Amino acid sequence: MEESILERFKTPEAFETYWNENYREVVYEDVREAFEDFVTSAAGHIYLSDYEEKGCITKADFKANLSQEAQFTFQDALTEVFYEKNPDLYETAFAIYEEEQMKGETGAGVARVFHETFGRLYDAFLDRLFEEKLEK
């Protein structure tokens, strides 16, 4: 009988060890073109309409006011690059997530380092996008 993914990674620490041994770093330059191309193609209209109409777009709150399309586009670009660089890690983390969901568990669980890293990268990359392309 094949060992289940949760038997292989019983604790967050076990997955984190696997992560540390296999993770290939993702940097802003990996997503820059996709992020900036989207901003250019949208002619800068990447915010919720009522926020954009007010005309005071600041770094402090721009992420909270991105349109749904912008959020999905940026997340998809990061996911694509992350997967290209770390396909085994991505698939393993996703399999763990699915197993935890089937067991009724919620939260980041065993693969929390994946979720934390993805979230940290997403925030940092949006900050860079704002600083380099959107800040006026």
Side-chain angles (χ1 to χ4, degrees):
M1 177 177 220
E2 189 174 322
E3 180 180 47
S4 83
I5 194 78
L6 290 178
E7 288 170 342
R8 182 174 170 210
F9 299 106
K10 294 179 182 185
T11 65
E13 294 76 22
F15 183 79
E16 195 165 336
T17 297
Y18 171 71
W19 177 274
N20 291 333
E21 291 170 355
N22 295 285
Y23 178 67
R24 292 183 55 221
E25 186 176 10
V26 177
V27 296
Y28 181 69
E29 287 68 26
D30 295 327
V31 298
R32 178 191 310 270
E33 185 176 349
F35 278 31
E36 291 184 1
D37 284 353
F38 175 73
V39 171
T40 299
S41 71
H45 299 288
I46 61 171
Y47 304 102
L48 299 171
S49 60
D50 61 335
Y51 180 75
E52 191 171 313
E53 288 169 9
K54 293 177 185 172
C56 56
I57 298 164
T58 66
K59 183 178 178 184
D61 64 355
F62 93 99
K63 287 184 270 190
N65 291 285
L66 287 172
S67 68
Q68 190 173 37
E69 180 183 11
Q71 290 176 48
F72 288 156
T73 300
F74 297 143
Q75 289 168 356
D76 287 349
L78 177 54
T79 298
E80 186 176 310
V81 167
F82 191 97
Y83 185 84
E84 286 174 11
K85 286 190 152 188
N86 298 286
D88 293 335
L89 279 174
Y90 185 91
E91 289 178 7
T92 301
F94 191 75
I96 289 170
Y97 173 78
E98 285 183 322
E99 286 283 325
E100 289 174 332
Q101 292 295 306
M102 288 184 352
K103 290 178 124 188
E105 299 172 12
T106 59
V110 171
R112 74 174 179 239
V113 69
F114 168 79
H115 301 287
E116 291 168 354
T117 302
F118 191 92
R120 181 182 47 77
L121 291 171
Y122 182 70
D123 284 341
F125 294 171
L126 286 180
D127 286 345
R128 284 277 302 271
L129 173 68
F130 187 85
E131 292 164 1
E132 295 179 11
K133 182 104 175 140
L134 302 170
E135 196 166 45
K136 295 176 175 137

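Predicted model only: the values in this text are computed from it and were never measured. The residues of the chain are indexed from 1 along the displayed sequence.
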Chi angles and distances behind the side chain to side chain contact (heavy atoms under 4.5 Å, CB included) call for Ile5, Glu98: CA-CA 10 Å; Ile5 194 78; Glu98 285 183 322; over 6 Å; no
Intermediate values then yes/no, side chain to side chain contact (heavy atoms under 4.5 Å, CB included), Val26 and Asn86: CA-CA 9 Å; Val26 177; Asn86 298 286; 4.0 Å; yes
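Of the candidates Phe82, Tyr97, Phe9, Phe114 forms a ring-ring contact (aromatic ring centres under 6.0 Å, His included) with just one, namely Phe82.
Under the 6.0 Å cut-off for aromatic ring centres, Phe74 and Phe125 do not qualify, their centroids lying 6.0 Å or more apart.
Nearest heavy-atom pair, Pro12 versus Gly109, reported as atom, atom and distance to 0.1 Å: CG-O, 4.0 Å. Phe38 and Ser41 make their closest contact through O-OG, 3.0 Å (heavy atoms, listed as atom of the first residue, atom of the second, distance). Residue Leu126 comes nearest to Phe62 through the heavy atom pair O-CZ, 3.2 Å, listed as atom of the first residue, atom of the second, then distance. Of all the heavy atoms in Pro87 and Glu84, the pair that sits closest is CD-O, 3.8 Å. Among all heavy-atom pairs drawn from Glu100 and Val110, the shortest one is OE2-N, 2.8 Å. Contact detail for Thr92 and Asp88: the closest heavy-atom pair is OG1-O, 2.8 Å.
A distance-only check finds no donor-acceptor pair linking the side chain of Glu16 to the backbone of Val113 [under 3.5 Å]. A distance-only check finds no donor-acceptor pair linking the side chain of Lys59 to the backbone of Asp127 [under 3.5 Å].
Pairs passing the side-chain hydrogen bond (donor to acceptor under 3.5 Å, both in side chains) check and including a residue from residues 68-83, sequence neighbours excluded, read Tyr83-Glu91.
In this structure, Tyr18 and Phe15 have tilted ring planes: the angle between them lies in the 30° to 60° band.
If you take OH on Tyr28 and CD on Glu131, they are separated by 9.0 Å, rounding to the nearest 0.5 Å. Note: Tyr23 OH to Leu89 CG = 9.0 Å, rounded to the nearest 0.5 Å. With values rounded to the nearest 0.5 angstrom, Glu25 atom CD is found 10.5 Å from Thr117 atom OG1. Between Thr58 atom OG1 and Leu134 atom CG the span is 11.5 Å, to the nearest 0.5 Å. Atoms CD1 and CZ, on Ile46 and Phe130 in that order, are 9.0 Å from each other to the nearest 0.5 Å.
The pair Arg128-Glu29 counts as a salt bridge, with a side-chain nitrogen and a carboxylate oxygen less than 4.0 angstrom apart.
Taking the salt bridge (Lys or Arg N to Asp or Glu O under 4.0 Å) definition, one finds that Asp37 meets it with nothing, sequence neighbours left out.
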